[in-house]
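Comments concern the structure below.
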Amino acid sequence: MRLNMPPEPPKAGARALPTWLKVLMSLFAVVNLLAVLFANEPDWSSREREQWATKIAPVPLYRARQAEWMVRYYSYFSGLDNYWTLFSVLPRFNHWYWIKAHYADGSEQVLPLPMQSQRTFWQKYLFDFRTAKYYLNIYRSQEARQQYLRQLCQDYPRSAHGSTVVSITMDLYHRNILDRETALSRGTTMEPQSHHQPYGQVSCVASR
């Protein structure tokens, strides 16, 4: 004989989430996934999307562009716009910056910044990774590089002799990585020579 047992009372703290909170959490997850997808969109997909966009009417296309811009803007400020390189074709070069300050007396100085000056063990291996990450983020953005150089005008306003800073310049250096066959024949993975180009300059007089 089976007895009809009363249902167990709900446990404390086991209340269901409200509907509005579930919807908000779902939207948050979708926006973050879109941000990561946009940041890592392959070139062929971008080209196909641009060709497909030419067939859309101007008003819907504008709305779609606006939504895409908002997602990309969100991904930038949330730090989700990193490029994933796992299982991808890696760049065939190493690059670095060389940043100098130019002063009113005609002298110039390589600024004592991470990755281009003498650093302690703790600075190099525990803290300088943040600078490397920041440099990677401004690699594709001229506006971000200009803002960074303007900030350096404020950080290094005078030389060791008291001369006022006039401008800050940034040069981009790179060395190509050799293909496997060439590297094996030469016994090295890098080209012996480095290449450089001007990559940014600001007037510190205008920044004051």
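Both backbone and side-chain heavy atoms feed into the values below; hydrogens, waters and symmetry mates do not.
Taking the side-chain contact (heavy atoms from CB on, under 4.5 Å) definition, one finds that Asp128 meets it with Pro114, Arg119, Gln123, Lys124, sequence neighbours left out. Qualifying side-chain contact (heavy atoms from CB on, under 4.5 Å) partners for Tyr173, counting only residues two or more places apart in sequence or in other chains: Trp96, Trp98, Asp171, Ser194, His196. Residues satisfying the ring pair (Phe, Tyr, Trp, His ring centres under 6.0 Å) criterion with Tyr148, sequence neighbours excluded, are Tyr134, Tyr135. Listed by chain and residue number, Arg180 satisfy the side-chain contact (heavy atoms from CB on, under 4.5 Å) test with Leu184 (two or more places apart in sequence, or in another chain).
Ala35 and Ser75 get closest at one heavy-atom pair: CB-CB, 3.4 Å. Nearest approach of Thr169 to His102, heavy atoms of both residues: OG1-NE2, 3.0 Å. Heavy atoms only, all atoms of each residue included: Gln109 and Ser159 are closest at OE1-CA, 4.5 Å. When all heavy atoms of Met190 and Asn94 are compared, the closest pair comes out as CE-ND2, 3.6 Å. Here the shortest heavy-atom pairing between Leu149 and Gly200 reads CD1-C, 3.7 Å.
The distance from atom CG of Leu27 to atom CG of Asn32, rounded to the nearest 0.5 Å, is 11.0 Å. Note: Gln142 CD to Arg145 CZ = 6.0 Å, rounded to the nearest 0.5 Å. With rounding to the nearest 0.5 Å, the separation of OG1 in Thr182 from CD1 in Ile177 is 13.0 Å. Rounding to the nearest 0.5 Å gives a distance of 7.5 Å between OG of Ser141 and CD of Gln147. We find the CE-CD1 distance between Met170 and Ile99 to be 4.0 Å, quoted to the nearest 0.5 Å.
Residues Val110 and Gln116 are in side-chain contact: their nearest non-hydrogen atoms beyond the backbone lie under 4.5 Å apart. Counting only heavy atoms from C-beta outward, the side chains of Tyr156 and Pro112 approach each other to under 4.5 Å. Between Val205 and Val165, every side-chain heavy-atom pair lies at or beyond the 4.5 Å cut-off. Between Leu172 and Tyr139 the shortest side-chain heavy-atom distance falls below 4.5 Å. Side-chain contact between Val36 and Leu33 is absent, with no heavy atoms from C-beta onward closer than 4.5 Å.
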Check against side-chain contact (heavy atoms from CB on, under 4.5 Å), Ile168 and Cys204:
CA-CA 7 Å; Ile168 304 285; Cys204 296; 3.5 Å; yes

Under the side-chain contact (heavy atoms from CB on, under 4.5 Å) criterion, do Val31 and Tyr74 qualify, and how do the steps go?
CA-CA 9 Å; Val31 169; Tyr74 168 77; 3.6 Å; yes

Check the pair Glu108 / Tyr103 against side chain to side chain donor-acceptor pair (under 3.5 Å), numbers first and verdict last.
CA-CA 6 Å; Glu108 61 182 38; Tyr103 297 97; over 6 Å; no

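Side-chain contact annotation: Thr164 with Arg158, donor-acceptor N/O pair under 3.5 Å present. Looking at His161 and Ser107, their side chains never bring a donor and an acceptor atom within 3.5 Å of each other.
Sorted by first and then second residue, the side-chain hydrogen bond (donor to acceptor under 3.5 Å, both in side chains) pairs involving residues 183-193 (not counting sequence neighbours) are Asn176-Glu191, Glu191-His195.
By the 6.0 Å contact criterion, CE on Met25 is open, its count of non-hydrogen atoms from other residues, nucleotides or ligands being 12 or less.
Between the Arg92 side chain and the Leu178 main chain, a donor and an acceptor come within less than 3.5 Å of each other.
Classification of the Phe121-Tyr125 ring pair by plane angle, with boundaries at 30° and 60°, yields tilted.
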Considering only distance and modelled atom types, tabulate donor-acceptor pairs under 3.5 Å from the side chains of residues 51-66, sequence neighbours left out.
from	atom 1	to	atom 2	distance (Å)
Thr54	OG1	Gln51	O	2.5
Arg65	NH1	Glu50	OE2	3.1
Arg65	NH2	Glu50	OE1	2.9

